[in-house]
Number of protein chains: 2
Amino acid sequence: MEKRRDVFQAIADPTRREILSLIAKKPLNLNSIAENFDMSRPAVSQHIKVLDESGLVVMRKKGRQRFCYIRPQKMKDVDQWLQQFRQLWEDRFDQLDQVLTNLKDQDDEE
Amino acid sequence: MEKRRDVFQAIADPTRREILSLIAKKPLNLNSIAENFDMSRPAVSQHIKVLDESGLVVMRKKGRQRFCYIRPQKMKDVDQWLQQFRQLWEDRFDQLDQVLTNLKDQDDEE
DNA sequence: TCTTTATGTAAGTATTTGATTACATAAATA
DNA sequence: TATTTATGTAATCAAATACTTACATAAAGA
């Protein structure tokens, strides 16, 4: 039985996000993915395992290779979570922006 | 100087995502946020600190209270990262879906 | 069959995370 | 001024994370 993983936890790691970007362009086998990173193959393999367990990718055996495919449907889950905030950033003149404008006087970052 | 945090790492934790959902509806002070969770106030405070450092929220002092506001612009960063995958889930009949359909025979999950 | 290639897996480890409790401080109120 | 309220901070700790190296296995090709 496969362990279930949280999608948000899966995309938290920058290496895993890079892997997703890579295979979004073209499905790749494990070694080809590992070549793109400055870390050991087992390390990359573990990242892919996390992605697999989260449902963000699926693996498919092809001879002695295992190819990694992105699962767009699961990526959509993240998009749907964002839905609740979308209105906020589309409303340019909401209260929060005013608050942030006022804050510029007492806060100097960014 | 404030430590910079990764937005994706910030939303990785379910408690922090809940906090964001809460204050998206209405800005709240720290204690009011903590009331919604079954954990100690300092624990919630640390979560909010992470959100603050990631830029997803801003704090504003009001008397002895500190209110927590969502920063929609930063939420948009996540949305923009998703952009690269959007085409994939909008194309219903791409190669990946065919692969997934074939996979149903050798894989029994979900 | 022997070798190479692609991958799996196990053991070990440093660091980070997510929580706790205890105590400190600063603003509002009696 | 004394107390309450809202919050900050420090010390501690267990568990999870993100790696490493070493070895095992399974499929393809010489």
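A donor-acceptor pair is defined here as one N or O able to donate and one able to accept, closer than 3.5 Å; no such pair exists between the side chain of Arg71(B) and the backbone of Val58(B).
Listed by chain and residue number, nothing satisfies the side-chain contact (heavy atoms from CB on, under 4.5 Å) test with Arg64(A) (two or more places apart in sequence, or in another chain). For Ala12(A), the side-chain contact (heavy atoms from CB on, under 4.5 Å) test picks out Ala12(B), with sequence neighbours left out. Scanning for side-chain contact (heavy atoms from CB on, under 4.5 Å) contacts around Glu35(B) gives an empty result, with sequence neighbours left out. Looking at residues two or more places apart in sequence or on another chain, you find a side-chain contact (heavy atoms from CB on, under 4.5 Å) between Gln84(A) and Trp81(A), Ser21(B). Shown here are the ring-ring contact (aromatic ring centres under 6.0 Å, His included) partners of Phe67(B), two or more places apart in sequence or in another chain: there are none. Taking the salt bridge (Lys or Arg N to Asp or Glu O under 4.0 Å) definition, one finds that Asp79(A) meets it with Arg86(A), Arg86(B), sequence neighbours left out.
Contacts between residues 38-49 of chain B and DNA chain D, counted as heavy-atom distances below 4.0 Å, involve Arg41(B), Pro42(B), Ser45(B). Heavy-atom distances under 4.0 Å link DNA chain C to Asp13(B), Arg16(B) of residues 10-22 of chain B, given in residue order.
Atom CZ in Phe67(B) sits about 13 Å away from atom C1' in dT7(D), given to the nearest Å. dT4(D) atom C1' lies 13 Å from atom CD of Gln65(B), rounded to whole Å. Atom pair Leu28(B):CG and dA6(D):P shows a separation of 13 Å (rounding to whole Å applied). Distance CG (Asn31(B)) to C1' (dT5(D)): 8 Å, rounded to an integer number of Å. Summarising the geometry, the separation between CZ on Arg60(B) and C1' on dT7(D) is reported as 18 Å, rounded to the nearest angstrom. Leu30(A) places its CG atom 15 Å from the P atom of dA27(D), with the value rounded to the nearest Å.
Of all non-hydrogen atoms in Phe8(A) and Ile11(B), the two that sit nearest each other are CB-O, 3.6 Å. Across every non-hydrogen atom of Leu88(B) and Ala24(A), the tightest pair is CD1-CB, 4.0 Å.
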Name every donor-acceptor pair, under 3.5 Å, that has one atom in a side chain of residues 38-47 of chain B and the other anywhere in the protein, sequence neighbours excluded.
| unit_1 | atom_1 | unit_2 | atom_2 | d |
| --- | --- | --- | --- | --- |
| Ser40(B) | OG | Ala43(B) | N | 3.3 |
| His47(B) | ND1 | Arg16(B) | NH1 | 3.0 |

Would you tabulate the pairs of protein nitrogen or oxygen atoms and nucleotide nitrogen or oxygen atoms of nucleotides 27-30 of chain C closer than 3.5 angstrom?
| unit_1 | atom_1 | unit_2 | atom_2 | d |
| --- | --- | --- | --- | --- |
| dA27(C) | N3 | Arg64(B) | NH1 | 3.3 |

Contacts under 3.5 Å, N or O only, protein and nucleotides 14-16 of chain C:
none

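For the atom pair Leu20(B) CG and Ile23(B) CD1, the distance stands at 5.5 Å (nearest 0.5 Å). To the nearest 0.5 angstrom, Leu51(A) atom CG is 12.5 Å from Lys74(A) atom NZ.
Sorted by first and then second residue, the side-chain hydrogen bond (donor to acceptor under 3.5 Å, both in side chains) pairs with a member in residues 22-31 of chain A read Asn29(A)-Ser32(A); sequence neighbours excluded.
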